[in-house]
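Structure record follows, encoded as structure tokens.
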Amino acid sequence: ASLSAVFRRRDGYLTAPAYGPNKVNDRNSLGVRAKLLFELGDSAELELSGSYVRDRTEIALGTPRTSLPGVNNPNAVPDRDLLSTEFSGYRAQKTDSYNVSANLTVDLSDTVSVLSTTAYGHMYNLTGTPLVQTATGVIGTSYDFKDDFFSQELTLNYTSDALKLVGGLFYFHEKGKQNDTAPYNT
């Protein structure tokens, strides 16, 4: 058995008065992976594995250094404070992903083995961010997507002193959906 994990966290560093007194651009992510190996007699083994990723890292906000025509932004100057922004609007960042798999290896003889690999995965992401400041407000965009997949692989191996052969079948099915929100204007 094996288990590994990683966790990253960093507070934001950018001030954005529209979002209150807290700093923005936090980093917050977690990843975990586990694996189990089972010996099924002398001629077979089963390996099970899984992983999970959770990311709540905030969308990075920009710091305007120039302005579009018609925008009155006294902060948008080349020597401005790069750790402050006047952007506002919808902000979101959320990602969740997990995957599981099973690998079964069976030795049918000294020269023939079969490997079966089955896997499933899922991912969800939501993102929204302000993009540019215009004379009428901040324009931004957002989207979310969901993706699921399933795969099955079957491999037959033959090995002798004179010959090595590999043959197999593979099946993969994926279904995803993405929703794009029209750019918003605050």
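Given the structure is predicted, the values throughout are model-derived calculations rather than measurements.
- Residue Tyr143 holds its OH atom at 8.5 Å from CG of Asp180, rounded to the nearest 0.5 Å.
- Residues Phe7 and Asn28 form a side-chain contact, since some pair of their non-hydrogen atoms from C-beta on lies under 4.5 Å apart.
- Val100 is not connected to Leu37 by any chain of hydrophobic side-chain contacts under 4.5 Å among Ile, Leu, Val, Met, Phe, Trp and Tyr, and they are in different clusters.
- In this structure, a donor-acceptor pair under 3.5 Å is absent between the side chains of Glu153 and Thr118.
- One finds the OG1 atom of Thr127 at 9.0 Å from the CG atom of Asp144 (value rounded to the nearest 0.5 Å).
- Side-chain atoms of Met123 and Phe145, non-hydrogen and from C-beta on, do get closer than 4.5 Å to each other.
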Set out, in order, the CA-CA distance, both residues' side-chain angles and the distance that settles side chain to side chain contact (heavy atoms under 4.5 Å, CB included) for Asn99 and Ser101, then state yes or no. CA-CA 7 Å; Asn99 299 285; Ser101 68; over 6 Å; no
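- For the side chain to side chain contact (heavy atoms under 4.5 Å, CB included) with Asn125, the lone residue among Gln93, Gln178, Lys94 that qualifies is Gln93.
- Sparse packing is recorded around CG of Asp110, with 12 or fewer heavy atoms of other residues, nucleotides or ligands lying under 6.0 Å away.
- The environment of Arg10 atom CZ is dense: over 12 non-hydrogen atoms of other residues, nucleotides or ligands sit within 6.0 angstrom.
- Between the Asp107 side chain and the Ser109 main chain, no donor and acceptor come within less than 3.5 Å of each other.
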Under the side chain to side chain contact (heavy atoms under 4.5 Å, CB included) rule, what do Val166 and Thr155 come out as? Steps first, then yes or no, please. CA-CA 7 Å; Val166 176; Thr155 306; 3.7 Å; yes
Could you go through the side-chain hydrogen bond (donor to acceptor under 3.5 Å, both in side chains) check for Glu174 and Ser151 one step at a time? CA-CA 9 Å; Glu174 181 176 27; Ser151 68; over 6 Å; no
Quick one, Phe38 with Leu48, criterion side chain to side chain contact (heavy atoms under 4.5 Å, CB included). Give me CA distance, side-chain angles, the key distance, then yes/no. CA-CA 8 Å; Phe38 300 94; Leu48 302 175; 3.7 Å; yes
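- Tyr124 and Phe149 are not part of a single hydrophobic cluster, where members link through side-chain heavy atoms under 4.5 Å apart.
- Between Ala102 and Leu46, the closest heavy-atom pair is CB-CD1, 4.4 Å.
- Taken to the nearest 0.5 Å, the CG atom of Leu115 stands 8.0 Å off from the CG atom of Leu104.
- A pairwise comparison of heavy atoms in Leu3 and Val32 identifies CD1-CG1, 4.0 Å as the closest pair.
- In terms of heavy-atom proximity, Glu58 sits nearest to Asn25 at OE1-N, 2.6 Å.
- Scanning all heavy atoms of the two residues, the minimum distance from Asp147 to Gly176 falls at OD1-CA, 3.8 Å.
- For Asp96 against Arg54, the heavy-atom pair with the smallest separation is OD1-CG, 3.7 Å.
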Taking it one step at a time, do Ser49 and Arg33 satisfy side chain to side chain contact (heavy atoms under 4.5 Å, CB included)? CA-CA 7 Å; Ser49 66; Arg33 179 174 170 87; 4.3 Å; yes
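- Residue pairs meeting the ring-ring contact (aromatic ring centres under 6.0 Å, His included) criterion with at least one partner in residues 95-123, sequence neighbours excluded, are Tyr98-His122.
- Taking CZ of Arg8 as the start and CZ of Arg27 as the end, the distance is 8.0 Å to the nearest 0.5 Å.
- Of the N and O atoms on the side chains of Glu45 and Thr105, not one donor lies less than 3.5 Å from an acceptor on the other residue.
- Of the possible donor and acceptor atoms, none in the side chain of Thr141 sits under 3.5 Å from a partner among the backbone N and O of Thr129.
- Under the 4.5 Å side-chain heavy-atom criterion for Ile, Leu, Val, Met, Phe, Trp and Tyr, Leu108 and Leu163 are members of the same hydrophobic cluster.
- The minimum heavy-atom distance linking Leu82 with Leu14 is given by the pair O-CD1, 3.5 Å.
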